[in-house]
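Below is one structure, written out as structure tokens, with a few remarks after it.
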Amino acid sequence: MNYGAVSWRSKTGPGEIPEGGWIYCEHVGNKSFPRRARRAIVALMNGTERDEGAAFEDWEQRPLSERASAPAPYLAELNPAQQAAVEALDGPVLVLAGAGTGKTRVLTTRLAHLIHNQRAWPSQILAVTFTNKAAREMKERIGELVGGAVEGMPWLGTFHAVCARILRRHAELVGLKSTFTILDTDDQIRLIKQLLSAANVDEKRWPARMFAAMVDRWKNRAQGPGQVPPDECGFANGRGAEFYAAYQARLKTLNAVDFGDLLLHVVQIFQNHEDVLKEYQKRFKYILVDEYQDTNIAQYLWLRLLAAEHRNICCVGDDDQSIYGWRGAEVGNILRFERDFEGAQVIRLEQNYRSTPHILAAASGVIAANKDRLGKTLWTEAGEGEKVRLIGHWDSDEEARWIGEEIEAMARGTRGHAALSLDGMAILVRASFQMRAFEDRFVAIGLAYRVLGGPRFYERLEIRDAMAYFRVAVSPDDGLAFERIVNTPKRGLGDKAQQAINAIARDNGVSLLEAARIAVETGEGLSKRAARALGDLVAGFDRWHAELGAADADHVEIAGRMLDESGYTAMWQADKAPDAPGRLENLRELVQALEEFENLQGFLEHVSLVMDNASDEAGAKVSIMTLHGAKGLEFPAIFLPGWEDGLFPSQRTMDESGAKGLEEERRLAYVGLTRARAHLCISFAANRHKFGRWESSLPSRFIDELPPAHVEVLTPPGLYGGGYGASAPGGGGYGAAATAQLIDPHDTGQGSVLEARAASASTYNSPGWRRMAARRAKHGLGQPREARGVVIDAGAAGRLEPGSRVFHQKFGYGRVREIEGDKLTVAFEKAGEKKVVASYVTEAGKASGADEVPF
DNA sequence: CATCAGAATGTTTTT
DNA sequence: CATTCTGATG
């Protein structure tokens, strides 16, 4: 690969290790900075190619000067609180950064400040985040501030990535080899299933997922198999801890770890090996933690151990945005910070640069209902802006339709403000199934959208299969990967054959691949056909492994060939399923992605930790994502649909975690509200399409918590809503609240909402509304389904006939095979045969100016 | 041993 | 409803 000219600059000029500055790297053509290029720089610096680690060690040994090497222009751009947060370099610091108060900015500036003042070399600073996105963003922004020293910051990353790095160095201390593989959830479940079925545990009564969840919980608390509290061992009749131990042992023999292990093992190493701990305590002169409110107990212990020496730990977070409790996060960590780190400074960032006062007030109003808070008061200098809008709908389809129209209006600029780009708008949902209604609707009206955080590239079936091939080729001992692909594509190696291989592996204490080799030689338990197929496979892996080991190995080419030679590519080519072409395309993409890496190992390591989505395509699009996924983002316009009790707050969370769960849901609402800069619209629907059933619900209790003064209620005098003249009698409840806009799609056309906006003065809390909502909901359930949805353009169906070529937004081109009323059966070229509604397709191959329309 | 049909089953959020 | 799992059949 060509990295272009790798050049570097420093304050001292080329050829010397920069003493008063930092390395500045430029590279051409590649986004991620490849290791090889970094080595080139180190070699340049030293005049010789040397071990990169050693080179940096050398560098670190040089004395740090005490004073700043240059003025710090970036400080002037910060407000006083932000400055304080940046400049409080010594001792423990907690920065309570409310939403939109410039948290990332403070964090990155602080990091730059440390480097700028030469308090520490970049490699002596530990900076941890939760998501890869956050880590990447931080790298980029520091790059802008400091000018490219980031590559000298090896300890900036997610908790998991940093732990993986540490664990690789000390793997032997916990009985692993440093080449251990990191299991993903899928492998983990498969492994547990094997374990349980081997022990004759009824998989129905004690599902593997459940056990995985328990293991996760334990690991989040840094509890090894011996430390599990006895009352939590109820699994499989009190054998929980026993299986936990067995699971851990199994992982060890496989030389593998799961996500939780990354932290657990490192914490245990720190606890049991003082020398190792000391080394890292010394190394990390400064520690920065992003999103501290999301840390779990294991991460907390990890940080405490590491910070014990220098005590220069700075945690940034917002207790009001703690939304990962279900994943083991402990809000308690941030609430307890001052006690945990004696003499800690607490700095509050309260000036909000993002939202208008109305939006801020709405968010504050909601979050104020929570009890467990450190408390902050956000304020802004921004001008009034428009109120938060609130609207109710008859059902989820209507909601999607209305939002679609609203978005189009905003994009056109016919909503009373300047036209907004689609990129500036986002729909934030509680649960991903809500996305569907929007996707369907937007496809129908041709509105460009993008789903963030959807199914991830690396989680797709074909990608994981392909990676299993890579894994076995790289490390032949990877039994889980081998198991995954022995019979994919079909090689006639079914249960019987696999059991035979397993037995051999167990009896001889060898890996599955070795066992397979033995099986081929002895022919034990295999049919002739099977033996031959297995022999081919084993030979294939031998060959690929050898090829990858060669000095001039072209891993991209080998990987591609591996998929071809194994018959995997052919399998999909032969598959006539509609998604087969897409899968092949994904495989091509995968192989292409390998180019970014020096070798397959590097790629696999990257993938196991960075389960990122493929980068989003260009073009202005509305974003659709979950509330969780929206944390840290902001948009000029935000839509928050589905504010209904049971959905949001989620029934399940409340059932599982009670009042605590409700508070977390409320924080989630707070996160959602504070994503908006200028325009915010909350909506709810009386009926919702869920698992093919219609479900009815009442407006979310959070709606009652919105301060009325900052909310504009869009309440058309709906068919059923009017007439409840009085607002709620004193005290609680939402004063001038909306009546659900109960427009029944059977009776009305679409989109009458915009015109009908006069406020009525009823309240959701009124008994009348509830009664009415319940009645309508029941009624709605019995309605015939066909009439729902878009009004069918009879003309469209009329002029189509079997054989017509049509175009569909989602499926592309195809030919009509059958017509039943408004439903078409279309054989799509890419997507295969689908049933679609006639109005969703257009006749293909005709100019938009209807020239030959037979009317 | 593969394939298919029908049933079961599950859907919040993720490193 | 959409995927995964099961069991019956070829």
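On a predicted model such as this, the values are computed, not experimentally measured, just so you know.
For A/Tyr324 and A/Trp326, the ring centers sit closer than 6.0 Å to each other. For an aromatic pair to be called close, the ring centres must be under 6.0 Å apart, and A/Tyr280 with A/His170 satisfies this.
The A/Lys496 side chain lies nearest to B/dC1 when the options are B/dT15, B/dT13, B/dC1. In this structure, of B/dA2, B/dT13, C/dA2, it is C/dA2 that holds the atom nearest to the side chain of A/Arg436. Listed nucleotides: C/dC5, B/dT13, B/dT15. Nearest to the side chain of A/Lys193: C/dC5.
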* To do: Step by step, work out the salt bridge (charged side-chain N to carboxylate O under 4.0 Å, His left out) result for A/Asp216 and A/Lys219.
  => CA-CA 5 Å; A/Asp216 218 49; A/Lys219 290 187 178 174; over 6 Å; no
Chi angles and distances behind the side chain to side chain contact (heavy atoms under 4.5 Å, CB included) call for A/Leu493, A/Leu534
CA-CA 8 Å; A/Leu493 299 164; A/Leu534 189 59; 3.9 Å; yes
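The interatomic distance linking A/Asp186 (CG) with B/dT14 (P) rounds to 16 Å, in whole Å. Rounding to whole angstrom units, CD1 of residue A/Ile189 and P of B/dG10 are separated by 13 Å. As a whole-Å value, the separation of A/Gln499 CD from B/dC1 C1' is 13 Å. One interatomic measurement links the two molecules: CG of A/Leu264 to P of B/dT15, which rounds to 20 Å at whole-angstrom precision. Rounded to a whole Å, the CG atom of A/Asn296 is 12 Å from the C1' atom of B/dT14. One can place CD of A/Glu439 at 16 Å from P of C/dC1, the figure rounded to the nearest angstrom. Straight-line distance from the CZ atom of A/Phe259 to the P atom of B/dT14: 13 Å, rounded to whole Å. Distance, A/Leu183 CG to B/dT14 P: 20 Å, rounded to whole Å.
Of the charged side-chain nitrogens involved, at least one lies within less than 4.0 Å of a carboxylate oxygen, so that A/Arg667 and A/Glu664 count as a salt-bridged pair. Residues A/Lys103 and A/Asp318 are not paired through a salt bridge, judged by the lack of any N-O separation under 4.0 Å between the basic side chain and the carboxylate.
Distance alone, capped at 3.5 Å, places no donor-acceptor pair between the A/Asp294 side chain and the A/Ala329 backbone.
Test A/Thr626, A/Ile624, A/Val429 against A/Gln434 for side chain to side chain contact (heavy atoms under 4.5 Å, CB included) and you get one pass: A/Val429.
At the heavy-atom level, A/Arg652 lies under 4.0 Å from base atoms of the strands shown. Across all strands shown, A/Asn487 has heavy atoms under 4.0 Å from sugar-phosphate atoms exclusively, and none from any base. As judged by a 4.0 angstrom heavy-atom cut-off over every strand, A/Lys528 is placed among residues making no nucleic acid contact. Note on A/Phe433: nothing from the nucleic acid sits closer than 4.0 angstrom, heavy atoms only. Within 4.0 Å (heavy atoms only), A/Thr185 reaches no atom of the nucleic acid at all.
Remark: A/Arg209 is not in phosphate contact with B/dT9, judged by side-chain N or O atoms under 4.0 Å from OP1 or OP2.
Residues from residues 317-327 of chain A lying near DNA chain B, meaning a heavy-atom separation below 4.0 Å, are A/Tyr324, A/Trp326, A/Arg327 in numerical order.
Here, B/dT13 and C/dT4 have their C1' atoms 22 Å apart, quoted to the whole Å.
In terms of position along DNA chain B, the nucleotide closest to A/Gln498 lies nearer the 5' end than the nucleotide closest to the other residue of the pair A/Leu668 and A/Gln498.
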